[in-house]
Colleague: 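This structure is in structure tokens; I'll ask about it shortly.
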Amino acid sequence: MIIVYILAVLIGIPVMAGIFLSDEYKILEEITIQKNKDIVFEYIKLLRNAHQYNKWVMTDPNLSRTFTGTDGVVGFVSAWESKMKQVGKGEQEITWITEGERIDYALRFFEPFEGNANAFITVVPISANETKVSWGFNGKRNFPMRIMHFLLNLKKMLAKDLQTSLANLKKVVEAL
């Protein structure tokens, strides 16, 4: 009988968390880069550059990437496919650009799970050669994903991956 109670608690806690957690999530990380805002923006708006700083793109050296459209403009799509489960299959599309300030993306995930998210990167000058870069994600998560976020602490994991990507970006752009 004790085993039944233990199982009920072990199953009940994540289910209850999934019920009460918001279906929306937001993640925002920032870093300061010692370069002029325009240099930083011109670099990040090109999705082809992601292989030099984006942790998720860099995870699989055998990642297959295809591109559709003109990089750095609204409508450009960067698609990826990997045999590695943590990379999976999906695509990123540039949906909006405020030149020199912000770029917005739609993310569509197909494998290992289906989902959509929105992302953005903003650049704000701190001084002539110092720029604050903010990278954010937001989206909706269904009930099973809310449980997964709770159990795996995905928000913390994704924030850590964003920080790694921003640190890589800093290193690459400051070397330009």
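Sequential numbering from 1 along the given sequence is applied to the chain's residues.
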Colleague: Is there a donor-acceptor pair closer than 3.5 Å between any side-chain N or O of Lys45 and the backbone N or O of Val73?
Modeller: no
Colleague: Measure from the side-chain N and O atoms of Glu111 to the backbone N and O of Lys89, and report whether any donor-acceptor pair falls under 3.5 Å.
Modeller: no
Colleague: Between Tyr53 and Leu169, which heavy-atom pair has the shortest distance, and what is it?
Modeller: CB-N, 3.5 Å
Colleague: Taking all non-hydrogen atoms of both residues, which atom of Arg48 and which atom of His51 are closest, and how far apart?
Modeller: O-ND1, 2.7 Å
Colleague: Where do Thr68 and Phe76 come nearest, in terms of heavy atoms and distance?
Modeller: O-CD1, 3.2 Å
Colleague: Is there a side-chain contact between Glu130 and Thr32 (heavy atoms, below 4.5 Å)?
Modeller: yes
Colleague: Nearest 0.5 Å, what's the NZ-CD distance between Lys170 and Gln163?
Modeller: 11.0 Å
Colleague: Give me the atom names and distance for the closest heavy-atom approach of Ile44 to Val123.
Modeller: CD1-CG1, 3.9 Å
Colleague: Linking I/L/V/M/F/W/Y whenever any side-chain heavy atoms sit under 4.5 Å apart, do Val57 and Tyr43 land together?
Modeller: yes
Colleague: Between the main-chain N or O of Glu81 and the side-chain N or O of Ser64, is there a donor-acceptor pair closer than 3.5 Å?
Modeller: no
Colleague: If I take atom CG from residue Leu47 and atom CD from residue Gln92, how far apart are they, to the nearest 0.5 angstrom?
Modeller: 5.0 Å
Colleague: When you measure from the side chain of Asp104 to the backbone N and O of Thr95, does any donor-acceptor pair fall under 3.5 Å?
Modeller: no
Colleague: Could you tell me whether a side-chain N or O of Trp80 sits under 3.5 Å from a main-chain N or O of Val87, the two making a donor and an acceptor?
Modeller: yes
Colleague: Transitively linked via ILVMFWY side-chain contacts under 4.5 Å: Met84 with Phe110?
Modeller: no
Colleague: Suppose we call two aromatic rings close when their centres sit under 6.0 Å apart. Are Trp56 and Phe109 close by that rule?
Modeller: no
Colleague: State plainly whether one hydrophobic cluster holds both Tyr105 and Leu158, where clusters connect Ile, Leu, Val, Met, Phe, Trp and Tyr through side-chain heavy atoms under 4.5 angstrom apart.
Modeller: yes
Colleague: Distance check, rounded to the nearest 0.5 Å: Phe120 atom CZ versus Asn138 atom CG?
Modeller: 7.0 Å
Colleague: Write down the atom of Ser82, the atom of Leu63, and the distance for their closest heavy-atom approach.
Modeller: CB-CD1, 3.7 Å
Colleague: Got a second to check how far Leu46's CG is from Thr70's OG1, nearest 0.5 Å?
Modeller: 11.0 Å
Colleague: Which value, rounded to the nearest 0.5 Å, describes the distance between Leu176 atom CG and Glu42 atom CD?
Modeller: 12.0 Å
Colleague: For residues 29-41, which residue pairs qualify under salt bridge (Lys or Arg N to Asp or Glu O under 4.0 Å), counting only residues two or more places apart or in two chains?
Modeller: Glu30-Lys132
Colleague: Which atoms form the tightest heavy-atom contact between Leu28 and Ser134, and what is the distance?
Modeller: CD1-CB, 4.0 Å
Colleague: Can you hop from Phe67 to Val74 via hydrophobic side chains spaced under 4.5 Å?
Modeller: yes
Colleague: How far does CD1 of Ile31 sit from CG of Leu162, to the nearest 0.5 angstrom?
Modeller: 11.0 Å
Colleague: If we ignore angles and hydrogens, is there a donor and acceptor under 3.5 Å between the side chains of Trp96 and Thr98?
Modeller: yes
Colleague: Treat each ILVMFWY residue as a node, draw an edge where side-chain heavy atoms are under 4.5 Å apart, and state whether Ile39 and Ile97 are in one component.
Modeller: yes
